[in-house]
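What follows is a set of notes on a single structure, which appears directly below.
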Number of protein chains: 2
Amino acid sequence: MNSRFSTAVHILTLLASTPGERVTSEYIAASVGTNPVVIRRQLASLREAGLVESKGARGGGWALGRDPAKITLKMVRHSLGADAKFRMHRNDPHPECPVGQNVRSVLEDVYEEADRAVMRSLEQWTIADMLKRVRRIAGTE
Amino acid sequence: MNSRFSTAVHILTLLASTPGERVTSEYIAASVGTNPVVIRRQLASLREAGLVESKGARGGGWALGRDPAKITLKMVRHSLGADAKFRMHRNDPHPECPVGQNVRSVLEDVYEEADRAVMRSLEQWTIADMLKRVRRIAGTE
DNA sequence: TGTATCGTAACTTTTTTTGTGACGGTATTG
DNA sequence: CAATACCGTCACAAAAAAAGTTACGATACA
């Protein structure tokens with residue numbers, strides 16, 4: 001998992017915390033502590049996955065695309081595509097080494113399985129859960 | 001998972017493929033396609049975990065520290081420590097945003113759980129398995 | 001028509017990862 | 001005992017990846 005995933009969850013939880021309102025990328029950026037463009041970039045992936053929707057122009061902004069109880073962290077990870085995945089070493093192995101030539105393909109199987117395990121784990125968390133727990137910690141409930 | 005993990009598995013599988021022999025970091029580097037120092041760095045972590053052992057000086061080199069059937073990929077990942085883990089976004093959230101202030105700690109729980117899932121998955125693979133599968137693909141068996 | 005917003009491209013900066021050179025230490029070999 | 005072939009590790013360089021910034025066009029609202 002990487003920092004893009006973390007940021008995405010942060011954003012979605014923030015949106016869930018202000019239902020009915022549209023929030024600007026500038027506001028989100030201030031909450032996360034970064035630049036609005038960085039946020040918009042992230043939101044772009046989330047929008048493709050249907051998790052958020054945006055409206056341009058004055059009065060525009062961002063809102064969740066669906067019920068936060070129906071957004072799992074699995075979906076979030078999925079929306080980030082290859083960026084969130086396990087990575088292979090990218091060296092060119094020696095052409096005559098049978099191990100070097102073939103470990104990669106076996107490793108791919110390993111990663112695929114591990115990835116499924118991660119997804120099963122993330123599947124159990126929703127944005128609504130995240131918000132609930134955040135609020136419990138903050139004592140805002 | 002990252003490229004250090006992949007490289008570590010590559011190295012261990014290579015060592016498993018030449019039982020009884022010591023292999024030099026230079027040889028391993030050639031197989032992986034990188035610099036010997038990079039390999040030694042990686043081997044250092046693996047040695048701390050007892051997965052390999054080395055002998056300096058002439059005639060020296062590296063060998064597995066135990067039966068390849070007793071080395072799981074979980075151990076390999078564990079030996080890499082924090083490097084192999086999921087990472088949080090490192091921005092400073094806005095001090096007055098209750099979401100920003102607390103998502104991290106909830107995310108830590110999420111990551112911990114996901115990490116355990118990965119470990120359970122990796123636990124099922126041993127270096128001996130890797131070698132067997134590599135050989136099957138290579139048709140060297 | 002002015003303004004607040006998104007969308008996105010190009011670029012810069014920072015951070016992380018990987019690679020390299022250098023050199024000391026040590027056991028083995030002859 | 002000296003030459004050698006290794007490891008161990010530090011400091012630095014280069015490359016790659018990620019994050020941040022600037023800029024500007026497009027659009028709807030007021």
Side-chain angles (χ1 to χ4, degrees), chain A residues 1-8 10-11 15 18 21-48 51-65 80-94, chain B residues 1-8 10-11 15 18 21-48 51-65 80-94:
Chain A
M1 222 88 56
N2 55 24
S3 104
R4 290 195 62 211
F5 176 84
S6 303
T7 306
H10 184 155
I11 294 173
L15 292 181
T18 57
E21 282 177 49
R22 274 191 190 282
V23 180
T24 68
S25 57
E26 192 162 2
Y27 180 91
I28 301 175
S31 163
V32 174
T34 182
N35 189 289
V37 177
V38 174
I39 297 295
R40 291 190 210 138
R41 269 204 293 252
Q42 297 238 359
L43 284 161
S45 324
L46 296 173
R47 180 177 41 204
E48 278 179 38
L51 306 183
V52 299
E53 46 118 353
S54 68
K55 208 175 127 187
R58 197 171 178 173
W62 300 83
L64 288 184
L80 298 179
D83 285 1
K85 291 247 167 118
F86 298 140
R87 252 175 308 161
M88 195 71 64
H89 56 320
R90 64 189 185 313
N91 309 69
D92 293 337
H94 192 285
Chain B
M1 222 86 60
N2 56 25
S3 105
R4 290 194 62 211
F5 176 85
S6 303
T7 306
H10 184 154
I11 294 173
L15 292 180
T18 56
E21 281 178 48
R22 276 191 189 281
V23 180
T24 69
S25 59
E26 190 162 4
Y27 181 91
I28 300 173
S31 163
V32 174
T34 183
N35 190 291
V37 178
V38 174
I39 296 296
R40 291 191 209 136
R41 270 205 292 253
Q42 297 238 356
L43 285 162
S45 325
L46 295 173
R47 181 178 39 206
E48 276 179 39
L51 306 183
V52 298
E53 45 118 356
S54 68
K55 207 175 127 188
R58 196 172 181 173
W62 300 82
L64 289 185
L80 299 179
D83 285 2
K85 291 245 168 122
F86 297 139
R87 254 175 309 163
M88 195 72 63
H89 56 321
R90 65 187 184 316
N91 309 69
D92 293 336
H94 192 286

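Just so it is clear: chains get the letters A, B, ... in the order the sequence lines come, proteins before strands, and each one is counted from 1. When reading the values below, keep in mind they use all heavy atoms of this one structure, side chains included, and skip hydrogens, waters and symmetry mates. Since we're looking at a predicted model, the values are computed, not measured.
Residues A:Arg87 and B:Ser6 have side chains that never bring a donor and an acceptor to within less than 3.5 angstrom of each other.
Atom P of nucleotide C:dT28 and atom CZ of B:Arg22 are separated by 10 Å, given to the nearest angstrom. Counting to the nearest Å, the P atom of D:dA19 and the CD1 atom of A:Ile39 are 11 Å from each other. Per the geometry, CD belonging to A:Gln42 stands 10 Å off C1' belonging to D:dA19, to the nearest Å. Atom CD1 in B:Ile28 sits roughly 11 Å away from atom P in D:dG8 (whole-Å rounding). Whole-Å rounding puts the B:Asn35 CG to C:dG19 C1' distance at 6 Å. For the pair A:Tyr27 OH and C:dC6 C1', the interatomic distance rounds to 19 Å; values are reported in whole Å. Spacing between atom CD of A:Glu26 and atom C1' of C:dT5 amounts to 10 Å, rounded to whole angstrom units. Distance CD (A:Glu53) to P (C:dT5): 16 Å, rounded to an integer number of Å.
A side-chain donor-acceptor contact under 3.5 Å links A:Thr24 to the backbone of A:Tyr27.
Contact between the side-chain N/O atoms of B:Lys55 and the OP1/OP2 oxygens of C:dT28 is found at a separation under 4.0 Å. A sub-4.0 Å separation between OP1 or OP2 of C:dT18 and a side-chain N or O of B:Asn2 is absent.
Looking at the side chain of A:Ser54, the nearest of the listed nucleotides D:dC10, C:dC6, D:dC7 is C:dC6. Distance from the side chain of A:Ala57 is smallest for D:dT27 among the nucleotides D:dT27, C:dT20, C:dG7. For A:Trp62, the side-chain atoms get nearest to C:dG7 when compared with the rest of C:dT20, C:dA4, C:dG7.
Using a 4.0 Å heavy-atom distance criterion, A:Arg90 is classed as a sugar-phosphate-only contact.
Mapped onto DNA chain D by nearest heavy atom, A:Arg58 and B:Arg41 fall at different nucleotides, with B:Arg41 at the one closer to the 5' end. Residue A:Gly33 is the one, among A:Gly33 and A:Arg40, whose nearest nucleotide of DNA chain D lies closer to the 5' end (criterion: closest heavy atom).
A:Val38 has its side chain out of reach of A:Thr7: every pair of non-hydrogen atoms, C-beta onward, lies at least 4.5 Å apart.
Residues B:Arg40 and B:Glu26 are not paired through a salt bridge, judged by the lack of any N-O separation under 4.0 Å between the basic side chain and the carboxylate.
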